[in-house]
Asks: 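Below is one structure. I have some questions about it.
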Amino acid sequence: MGPGTDRSRGRSCMRGRAQGLLVEIVKPVRPEGKLALPGPADTSGSPDPIHGEASEPALDGMRAESPRGCLQSEVYPLSYGLSDGKLEPRATYSTDGTCGPANGGTICDPTTTLYPAGGCCSLKTVARAAVRIPPRLIDPMDDADQHSMEQRAIRPAHTADAAPPMGTYCGTTSDHCLVSNGCQSGCTDASTSSTPPSSTTTGEPVISAVTSTLASSAAATAPVTTDGTCGTSNNNEVCGNWPNGNCCSMYGFCGNTSAHCGAGCQSGDCISAPAVPAPSATPAPANANPGAFKIVGDSGVPAMHAALMPNGRVFFLDKVENYTQLNTSDGYYAYSSEYDPATNQAVPLAYLTNAFCSGGSFLADGRVISVGGNAPLSFIDPNVGDGFTAIRYLDRSSSDASLNGQSWSEPGNKLASARWYATVQTMPDGTVFVASGSLNGLDPTVLANNNPTYEILSPTAISSGQNVPLEILEKNQPYYMYPFIHLLNDGTLFIFVSKSSEIFNVGTNTTVKSLPDLPGDYRTYPNTGGSVLLGLSSANNWAPDIVICGGGAYQDITSPCDPSCGRIQPLATTPTWEMDAMPEGRGMVEGTLLADGTVIFLNGGSSGAQGFGLMKDPALEALLYDPKAALGQRFSVLATSTIPRLYHSVALLLLDGTLMITGSNPVEQPMLTPDADNPYVTEFRVENYVPPYLQGDNANKRPTNVVLSSGTLKTDSSTFTVAFTAPAGGQAVRFVLYHGGFITHSVHMGHRMMDLDTTGWVAGATSQKLTVTSPPNNNVAPPGPYVVYILVDGIPAVGQFVSVA
């Protein structure tokens, strides 16, 4: 059996192999009162002019590495010049009441009877605890003839200056539980108090609230940091001459960005006001052709992650839940589904590891991967294992319908380290850049919980095994997760996190240029806005142009959301942010390119942040951003939805040029009925939004009968042809190459589009044959699946998938 070809869930390995015990799997009972929502109405029959022709019928319901996987030295012959780069494992409970780095890195179990109760570990040290990965199930490998269990070994926790062992015990007194007295885990004055470790938690990484700031009089005589942390939550230390900068941020990290020296700065060269204030909300006119929303179906599972696949269908990927609308063949709930926009029906897909808040990208061979995730929830589903280091594959094809409905494959290759909330970008050579993530899901203001590194996967997603420190992530903790990453036309990466950005060369592991801070509030998790690489073209030599909108001030439901947008050409001689504003502040706003190169911003809310139950005031109207319009005239207001789309929502463009919108699951486990504590609950309904370019009679003016001379496009400026029927009287044509990417948490990983040059257009004629020039290189168009859209007078034909080599 070849790599990635086994897509079965492999649940039978749960019987009789768990440490010699017979494990009986019992079909779960649906939670009382949590009934499946009604399915969508029958949509069979003649296709409508908006969505085009209907496709095929509805869907049917180890630790080895590939010998063909590229090693790091093969992928990048230049030396990284790295140290070991190993990261610490996650922690395990103490069994004797001792805890902390001096005692094997254990944490305290507040429910144990093995020692006096107490979840706090006393005596602060520089090093903090890590978490043990529990036994996890893995799929059978290519050449394996039996199922196996795997348990990751515990490496000793790293310590900077080892603390004496005395006093490192579990307890409940203030000496044990207060950070100010040296508490190192389970503390009652930090967000991790009474929070179980990531091996059992279903929560989110919550940034500890700021309760006090360092008085200026105390700063003059305060001790100087030795690890880059500072302020009231870190022994009242100041930054001194710390290399990253002498400003102590509100969250207790040293640096010199506006996030450190601006609002909330505790000590150092703090600034009282931003040098360039962000603009406030600016009214926008109503669009004369606002488009329309329509509810068309149910997603089957909460839509935390999504992507359009080469078969024209959409996968939804979720975390382990105690209720979804679908079941897998073993009777447990499904946590992933495949949705067919032609029939508006979903079928279940299975996976082996918890994909909670993973990252993802499409490989050069067309498969999509999901990487990282969270720990197992065996009390809900004993068959789903630890996902922190998982790599999952899903294979679909525009020509092989036998792949439809097949589940995620997990052959057993793993990431080099645990990553929860990682961002992924496919590189020009087909390798995969994976950056950031939490090691354990605990408080991001604690250094030991964070993974500010990157690693490289081969073109088949085999990790190089090295974790490379990434300075921009280190500098911007705790706002370091789910960074915005865009591949630029010179092969470098634009990386944005918090309020800071840079141009980064992966091959040399160097920062090429640090860019100015973006004025305004935080823009990445947990106050994510929307970041879009605008359409590329030869007209300006494929120069990148990026717009970022929205954000927020802090992680709480009271946080105001930022209405401002910044736009930058990162490879310009002197890059600067051009500021603009939406009609209202928005957090968790999705920015998605439409087929004509305009951008639709929608979803999210105007008050709050990412996290369970942390946003209110949903933003229901969609906004259109026209990047070619004059500054101050780019936004217009589109149609309004009736469905709040808050945390864990998605939006993506379909083959027919319409937009799919679904999701919103801002609760720890699904709820169908709101209550006083949870006014916004789990949403399964799928909406279709018809953009202005398909409104009215435009839907009947699509180009049709599109035939490409090849389904595989080279990236060497060679030519190919496309024939099609144009509507009578057409005056202008565009050939668009579009990649929707992997979507989660308002981050559209790998999302890009480009206009390719054409010749042969005959204005007014109906029978057309164009000669199209392919992209110049893989910097402009990294390898993988793309959609081709032919637009005549701005109206797109139904798209079709091609492969970029």
Side-chain angles (χ1 to χ4, degrees), residues 278-279 282-291 484 486-489 494 496 501 515 518-520 523 529-551 562-572 575-583 586 589-603 621-638 651-653 657 659 689 691-693 732 734-741 746-748 750-757 780-781 787 789 791 793-796:
T282 303
N287 193 294
N289 197 355
F484 299 143
H486 301 291
L487 176 65
L488 307 182
N489 67 327
F494 170 86
F496 183 101
S501 56
L515 302 173
L518 175 55
R523 309 288 183 163
S531 178
V532 180
L533 173 66
L534 299 174
L536 305 170
S537 77
S538 66
N540 62 351
N541 201 29
W542 313 99
D545 195 354
I546 295 164
V547 63
I548 297 175
C549 291
D562 197 324
S564 70
C565 301
R567 183 168 165 180
I568 194 169
Q569 293 79 44
L571 295 182
T576 56
W577 289 100
E578 179 187 69
M579 299 305 295
D580 205 342
M582 298 181 288
R586 286 202 175 187
V589 61
E590 303 263 350
T592 305
L593 289 160
L594 296 176
D596 64 355
T598 58
V599 181
I600 187 169
F601 286 99
L602 74 174
N603 296 351
E621 72 277 8
L623 303 174
L624 187 70
Y625 178 84
D626 183 353
K628 295 182 178 180
L631 179 63
Q633 301 175 30
R634 293 171 182 159
F635 280 104
S636 59
V637 179
L638 297 173
L652 64 150
L653 195 69
L659 200 74
Y689 171 75
Y693 53 59
R734 293 173 63 186
F735 186 103
V736 168
L737 197 59
Y738 186 100
H739 183 76
S746 305
V747 183
H748 291 226
H751 187 27
R752 64 200 299 115
M753 70 176 288
M754 59 219 69
D755 274 81
L756 300 187
D757 295 333
V780 172
V787 176
Y789 292 107
L791 295 92
D793 296 338
I795 303 170

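Treat the numbers as computed from the prediction; the structure is a model and nothing was measured. Side chains are part of it too, since the values below use all heavy atoms of this structure and drop only hydrogens, waters and symmetry mates. Start at 1 with the first residue, then count along the sequence.
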Asks: For Pro583 and Ala284, work out which heavy atoms get closest and say how close.
Replies: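 Distance-wise, the nearest heavy atoms are CG-CB, 3.6 Å.
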Asks: Could you state the interatomic distance from CG (Leu488) to CD (Gln569), rounded to the nearest 0.5 Å?
Replies: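 Interatomic distance, Leu488 CG to Gln569 CD, rounded to 0.5 Å: 12.0 Å.
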Asks: Let me see the working for Thr282 and Met582 under side-chain contact (heavy atoms from CB on, under 4.5 Å), right down to the final yes or no.
Replies: CA-CA 6 Å; Thr282 303; Met582 298 181 288; over 6 Å; no
Asks: Do Arg634 side-chain atoms and Ala629 backbone N/O form a donor-acceptor pair below 3.5 Å?
Replies: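 Yes: the side chain of Arg634 pairs with the backbone of Ala629.
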Asks: Looking at every non-hydrogen atom in both residues, tell me the closest pair between Leu652 and Thr592 and how far apart they are.
Replies: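 Taking Leu652 first and Thr592 second, the nearest heavy atoms are CA-CG2, 4.4 Å.
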Asks: Carefully, step by step, assess Met579 and Cys565 under the rule side-chain contact (heavy atoms from CB on, under 4.5 Å).
Replies: CA-CA 6 Å; Met579 299 305 295; Cys565 301; over 6 Å; no
Asks: If you round to the nearest 0.5 Å, how far is CG of Leu623 from CG of Asn287?
Replies: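 The distance works out to 10.5 Å.
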Asks: In the structure I gave you, are the side-chain heavy atoms of Pro692 and Leu638 within less than 4.5 Å of one another anywhere?
Replies: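 Contact flag for Pro692/Leu638 side chains = yes.
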Asks: Is there a donor-acceptor pair closer than 3.5 Å between any side-chain N or O of Asn489 and the backbone N or O of Trp542?
Replies: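 Pair found, side chain donor or acceptor close to backbone of Trp542.
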Asks: Hey, mind stepping through Val787 and His739 against side-chain contact (heavy atoms from CB on, under 4.5 Å) and telling me if it holds?
Replies: CA-CA 6 Å; Val787 176; His739 183 76; over 6 Å; no
Asks: What heavy-atom pair brings Gly597 and Pro627 nearest, and what distance separates the two atoms?
Replies: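 Distance-wise, the nearest heavy atoms are O-CG, 3.6 Å.
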Asks: Locate the shortest heavy-atom distance separating Gly529 from Phe484; write the atom from each residue and the value.
Replies: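 Smallest interatomic distance, heavy atoms only, reads O-CZ, 3.7 Å.
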Asks: So, does Arg523 use its side chain to make a donor-acceptor pair with the main chain of Gly550 at under 3.5 Å?
Replies: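 A pair under 3.5 Å: yes.
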Asks: Return the set of residues passing side chain to side chain donor-acceptor pair (under 3.5 Å) with Asn603 (not counting sequence neighbours), or none when no residue passes.
Replies: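 Per chain and number, Asn603 pairs via side chain to side chain donor-acceptor pair (under 3.5 Å) with no residue.
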Asks: Given side chains that start at C-beta, do those of Phe635 and Val599 come closer than 4.5 Å, heavy atoms only?
Replies: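 Not in contact.
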Asks: Measuring only between side-chain heavy atoms, which start at C-beta, is Ile546 closer than 4.5 Å to Pro570?
Replies: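 In contact.
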Asks: So do Ile600 and Tyr689 actually touch side chain to side chain, heavy atoms under 4.5 Å?
Replies: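 Yes, their side chains come closer than 4.5 Å.
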Asks: What pairs meet the salt bridge (Lys or Arg N to Asp or Glu O under 4.0 Å) rule with one or both residues in residues 594-603, with sequence neighbours excluded?
Replies: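 Every pair satisfying salt bridge (Lys or Arg N to Asp or Glu O under 4.0 Å) with a residue in residues 594-603: there are none.
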Asks: Under 4.5 Å between any side-chain heavy atoms of Ser531 and His486, yes or no?
Replies: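 Side-chain contact under 4.5 Å: yes.
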Asks: Arg734: which residues meet the side chain to side chain donor-acceptor pair (under 3.5 Å) condition with it, sequence neighbours left out?
Replies: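 Residues passing side chain to side chain donor-acceptor pair (under 3.5 Å) with Arg734: Asp755.
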Asks: Do Val637 and Pro290 have side-chain heavy atoms sitting under 4.5 Å apart?
Replies: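 No. Closest side-chain heavy atoms not under 4.5 Å.
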Asks: Looking at CZ of Phe735 and CG of Leu756, how far apart are the two atoms once the value is rounded to the nearest 0.5 Å?
Replies: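 So the CZ of Phe735 and the CG of Leu756 are separated by 5.5 Å.
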Asks: Any salt bridge linking Arg586 with Asp562? Criterion: basic side-chain nitrogen under 4.0 Å from a carboxylate oxygen.
Replies: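 Not counted as a salt bridge, because no side-chain N and carboxylate O are separated by less than 4.0 Å.
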Asks: When Pro544 is tested against each of Ile568, Val780, Leu533 for side-chain contact (heavy atoms from CB on, under 4.5 Å), which residue passes?
Replies: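 Between Pro544 and the candidates, side-chain contact (heavy atoms from CB on, under 4.5 Å) is satisfied uniquely by Leu533.
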Asks: Contact between Ser501 and Phe494 at the side-chain level, heavy atoms closer than 4.5 Å - yes or no?
Replies: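 SC-SC contact between Ser501 and Phe494 confirmed.
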Asks: Can you tell me how far CG of Leu594 sits from CE of Met753, rounded to the nearest 0.5 angstrom?
Replies: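 Separation between the atoms: 9.0 Å.
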Asks: Would you confirm whether Tyr738, through its side chain, and Leu593, through its main-chain N or O, come within 3.5 Å as a donor-acceptor pair?
Replies: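 Present.
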Asks: Looking only at heavy atoms, what is the nearest atom pair of Val589 and Ser746, with distance?
Replies: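 Closest approach of Val589 to Ser746, heavy atoms only: O-CB, 3.6 Å.
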Asks: Determine, stepwise, if the pair Asp757 / Ser538 fulfils side-chain hydrogen bond (donor to acceptor under 3.5 Å, both in side chains).
Replies: CA-CA 7 Å; Asp757 295 333; Ser538 66; 2.8 Å; yes
Asks: Determine whether Tyr625 and Val547 satisfy the following criterion, side-chain contact (heavy atoms from CB on, under 4.5 Å), listing intermediate values before the conclusion.
Replies: CA-CA 10 Å; Tyr625 178 84; Val547 63; 4.1 Å; yes
Asks: Ignoring hydrogens, what is the shortest heavy-atom contact between Pro563 and Pro279? Give both atom names and the distance.
Replies: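 Of all heavy-atom pairs spanning Pro563 and Pro279, the closest is CG-O, 4.0 Å.
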Asks: Please report the interatomic distance CG(Leu534) to NZ(Lys628), rounded to the nearest 0.5 Å.
Replies: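 Leu534 CG to Lys628 NZ: 11.0 Å, rounded to 0.5 Å.
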Asks: Look at Asp580 together with Arg567 and state whether they make a salt bridge at an N to O cut-off of under 4.0 Å.
Replies: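 Salt bridge between Asp580 and Arg567, a charged N being under 4.0 Å from a carboxylate O: no.
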Asks: When you measure from the side chain of Asp793 to the backbone N and O of Ala732, does any donor-acceptor pair fall under 3.5 Å?
Replies: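 Yes: the side chain of Asp793 pairs with the backbone of Ala732.
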Asks: Can you find a heavy atom in the side chain of Arg752 that is under 4.5 Å from one in the side chain of Leu487?
Replies: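 Answer yes - side chains close enough.
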